[in-house]
Amino acid sequence: MRIWGVRRLGALALLAALLPACGGGGAGNNSAAPSDGGSPSGVSGEPIVPTQHPKVLLNQAGYLTSLQQQLSSKVPAATRFQAMVDSELAHAGTNYAFQAWFAALMYQITGQTRYADFAVSKADAFLAGEEALIKAGQAPTVAHDSYLDVGPLVGDVALVYDWCNARLTASQRTRWVAYMNQAVANVWDPVHASWGGKVMPWSGWSISNPSNNYYYSFLKATMLLGLATDGENTQASAWRTQFRQAKIAAELVPTFNRDLLGGGSREGTGYGTAMKNLFQLYDWWERSTGERLADLTPHTKASQAWMLHAMVPTLDRLAAIGDQSRDSSVSLFDYHREYLLALGALYPQERMSGAAKSVLDASSLPQIANGFELFADYLYAVQGLPAVRQRDLSTAYWGEGTGHFFMRSAWGDKSAAYALFTCGPYTESHAHRDQGAFQLFRDEWLAPTSNIYTHSGIQQGEEQNNLVRVIQNGSTIAQGFGQSCQMRALVDNALFSYGQAQITPMYMGKTAVTQVERAFLFIKPATFIVFDRVGSAAGTQRVWTLNVPGTATASGDRLTVMAPGGHQLDVYRVAPADLSYQITSPSLSDGDTWLTQPKRIEVSDTAGTQTLFLHIMGTGGSVSSAVRSDAAGQTGAQVSLSDGRRVLVRFANDTGGGTLQIQQASGTVLFGGALPTTVVPPAVFAN
């Protein structure tokens with residue numbers, strides 16, 4: 001699913017003006033990588049392209065030797081990769097998504113020509129198929145879906161061209177280069193794109209949007225073509241300059257530095273995982289040319305923490321952020337593992353890389369599972385990562401650029417409570433209208449987005465998320481694309497995590513919505529308090545919405561949710577007191593269906609023009625009771641916890657702020673004072 005209309009770029013005729021007459025060129029190799037295969041660090045200066053093949057990745061003697069040593073020492077990652085390649089040579093077509101460069105890599109590592117000949121034959125057969133389509137006046141495969149696969153397709157040909165160059169005929173070199181040049185030229189010049197002399201324009205979707213997953217595919221094709229064919233392709237230098245200057249320096253770096261502080265992707269944990277491809281390019285460019293790109297933006301390093309905190313405590317799933325078309329349940333997959341492995345290779349001496357190793361080792365995916373991803377365990381293997389325990393990580397993380405506030409009660413405890421509170425920009429087509437929403441997990445999803453239960457994984461509407469909707473004339477007023485929720489206060493400490501979200505800007509220009517604010521308070525280790533101020537025009541409905549799995553039963557102001565596995569969520573509605581829970585089995589539109597139908601709980605208010613909602617939510621029986629306790633100009637609750645503590649919380653009725661007191665059973669005050677009014681990002685490590 002794609003929403004058209006993101007930024008566009010002009011014709012390639014402007015390329016000469018955009019690209020200065022400089023670029024790779026030059027001779028010699030960059031310095032060798034560390035003998036453990038880790039990425040070289042601290043490299044600076046102009047990129048240098050080797051004069052001899054291989055020009056991409058394997059020109060460093062130290063790195064190639066490391067790969068050879070892993071294989072000769074029968075390191076599992078190496079032997080599993082070789083076994084997969086051997087099985088493809090023995091029975092072609094048996095390995096899903098097998099790429100010719102896998103065999104070309106084995107040729108470089110072993111020197112066995114059978115691998116090279118297989119890679120060349122496979123790549124040439126692909127080219128022959130593309131040429132047949134072009135000759136018939138049709139667009140080739142590489143042009144499908146707005147050139148989405150130009151990176152893996154052109155990249156595959158480029159790597160075989162480079163790594164098996166001595167096994168190519170002169171005719172093959174000429175044909176392959178011509179095809180790759182045309183494909184990459186078409187990407188950057190959508191208006192004048194052509195094949196076989198026939199103009200075949202396309203939309204130019206996301207060729208100037210570095211926050212979109214398509215962009216990384218475009219970069220991959222451009223970079224690998226520019227490196228692999230240097231000295232044998234008159235356009236190679238221009239492609240490297242397009243990659244390095246026009247795209248990385250002039251577009252991606254300033255965009256990430258402005259929009260993606262704190263790492264991660266606004267496309268979420270589905271499409272946003274494509275950033276693994278970008279991190280691969282950083283790594284391969286550095287190994288190939290000696291120039292380090294990863295440190296041009298702090299986004300790279302920050303993305304390690306962002307992805308780790310997106311994982312739920314059971315370490316087998318991630319928070320469902322954005323579209324999830326591959327797997328709507330967001331199970332931990334090879335792509336997420338590759339994402340973290342690539343960053344670990346880029347930052348082999350960082351504590352966060354050691355933490356990522358600890359988390360992955362304890363996860364449901366301690367090694368790559370699928371053959372087409374086995375290269376990641378092999379190529380990104382790094383020895384001597386810092387020894388970091390899971391519990392050394394902070395239990396909360398604030399991704400400012402994405403608007404994701406992750407929190408959990410503990411690391412290393414698979415029964416820890418976990419939440420995601422979202423407040424940030426809505427600027428990507430694969431993002432959802434979920435600003436102000438929360439997700440809750442403890443042993444199992446207790447209050448997720450219901451999108452995880454759909455076949456499509458692309459249900460983007462407000463009703464799929466846990467937030468307050470404003471309904472006018474029977475329809476939900478939608479949050480506006482291009483708008484931003486503003487986190488006005490944020491803090492994390494040993495006792496609680498707190499966020500105050502100003503969601504009203506999401507409805508800019510929609511006069512029926514006058515105020516939407518949410519305070520989200522996590523009383524550690526297992527209780528959540530949510531307060532909403534919602535104002536809307538007369539005649540509208542203000543609907544507090546909660547999506548849950550399993551069964552839900554209401555008794556007065558208390559709601560009990562029993563999730564699969566017997567995991568319980570207790571919801572106490574403290575305000576307003578005169579409303580009731582409506583429990584429904586929701587339907588889906590657009591032909592989509594449920595994998596497992598969730599329950600949707602709604603509390604609707606039509607009286608007046610403002611509603612103050614206050615809900616207390618306990619996981620695993622953490623709440624004994626919750627009663628209303630207001631003060632002048634404040635709505636509050638006295639909450640008794642099952643561990644004997646008492647929590648008195650009150651929120652200002654008109655705007656952000658309030659007070660909080662947490663007492664031990666003995667009466668000792670653990671915290672007492674005003675709720676925070678500023679944003680203080682949590683530390684990355686607990687100690």
Side-chain angles (χ1 to χ4, degrees), residues 38 41 261-264 295 298-315 318-319 336 339-341 343-363 366 382-402 404-421 441-442 487 489-499 520-528 619 622 643 645 660 662 664 668-673 675-676 678-687:
S41 59
L261 297 177
D295 295 339
H299 167 270
T300 317
K301 189 186 296 185
S303 292
Q304 282 184 303
W306 188 95
M307 181 59 74
L308 287 174
H309 283 270
M311 294 171 63
V312 301
T314 49
L315 305 184
L318 289 89
H336 305 109
Y339 184 109
L340 289 168
L341 290 175
L343 289 169
L346 286 166
Y347 296 100
Q349 295 167 6
E350 288 289 329
R351 288 184 72 192
M352 193 59 69
S353 297
K357 183 180 186 303
S358 295
V359 171
L360 287 174
D361 286 350
S363 76
V382 179
Q383 300 299 317
L385 286 172
V388 180
R389 302 165 300 179
Q390 288 187 52
R391 64 176 181 268
D392 292 337
L393 286 166
S394 172
T395 55
Y397 188 77
W398 168 231
E400 178 182 350
T402 60
H404 298 128
F405 185 22
F406 304 101
M407 61 201 86
R408 69 188 69 212
S409 56
W411 280 98
D413 177 4
K414 294 193 174 183
S415 291
Y418 172 90
L420 165 65
F421 183 39
F441 184 98
R442 188 175 182 189
M487 192 72 84
L490 183 146
V491 72
D492 174 73
N493 56 47
L495 295 174
F496 63 89
S497 301
Y498 173 75
F520 187 84
L521 176 62
F522 174 26
I523 303 295
K524 298 177 182 180
T527 303
F528 301 90
T619 67
S622 66
D643 61 11
R645 290 180 299 160
L660 172 66
I662 303 175
Q664 288 182 324
T668 300
V669 175
L670 300 173
F671 178 89
L675 286 167
T678 59
V679 173
V680 180
V684 177
F685 288 97
N687 51 57

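- Side-chain contact check for His309 versus Trp411: some heavy-atom pair is nearer than 4.5 Å.
- The aromatic rings of Phe520 and Phe421 sit parallel to each other, their planes meeting at less than 30°, with 60° as the upper class boundary.
- Residues Asp492 and Ser497 are in side-chain contact: their nearest non-hydrogen atoms beyond the backbone lie under 4.5 Å apart.
- Not counting sequence neighbours, Asp413 has no partner by the side chain to side chain donor-acceptor pair (under 3.5 Å) test.
- For Phe685, there are no ring-ring contact (aromatic ring centres under 6.0 Å, His included) partners, not counting sequence neighbours.
- Between Trp398 and Phe405, the ring planes lie perpendicular to each other; the angle is over 60°, past the 30° to 60° tilted range.
- Note: Phe522 and Phe528 meet the aromatic proximity criterion, with ring centroids under 6.0 Å apart.
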Check the pair Tyr498, Met407 against side-chain contact (heavy atoms from CB on, under 4.5 Å), reporting the backbone distance first and the verdict last.
CA-CA 10 Å; Tyr498 173 75; Met407 61 201 86; over 6 Å; no

For a side-chain contact (heavy atoms from CB on, under 4.5 Å) check, start with the C-alpha distance between Thr527 and Phe496, then their side-chain angles and the critical distance, and finish with the verdict.
CA-CA 9 Å; Thr527 303; Phe496 63 89; over 6 Å; no

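- Looking at Glu400 and Val679, their side chains never come closer than 4.5 Å, going by heavy atoms from C-beta outward.
- In this structure, the side chains of Lys301 and Leu346 stay at 4.5 Å or more apart for every pair of heavy atoms.
- At a threshold of 4.5 Å between non-hydrogen side-chain atoms, the residues Leu490 and Pro682 count as touching.
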Take Leu315 and Gln390 through the test side-chain contact (heavy atoms from CB on, under 4.5 Å) and record every step on the way to the result.
CA-CA 11 Å; Leu315 305 184; Gln390 288 187 52; 3.9 Å; yes

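- Here the side chains of Leu308 and Met352 are in contact, with some heavy-atom distance below 4.5 Å.
- Between Val382 and Tyr347, the closest side-chain pair of non-hydrogen atoms is not below 4.5 Å.
- Every side chain to side chain contact (heavy atoms under 4.5 Å, CB included) that Thr678 has, sequence neighbours left out, goes to Val680.
- Inter-residue side-chain proximity for Met307 and Leu343 is flagged as unmet; no heavy-atom pair is nearer than 4.5 Å.
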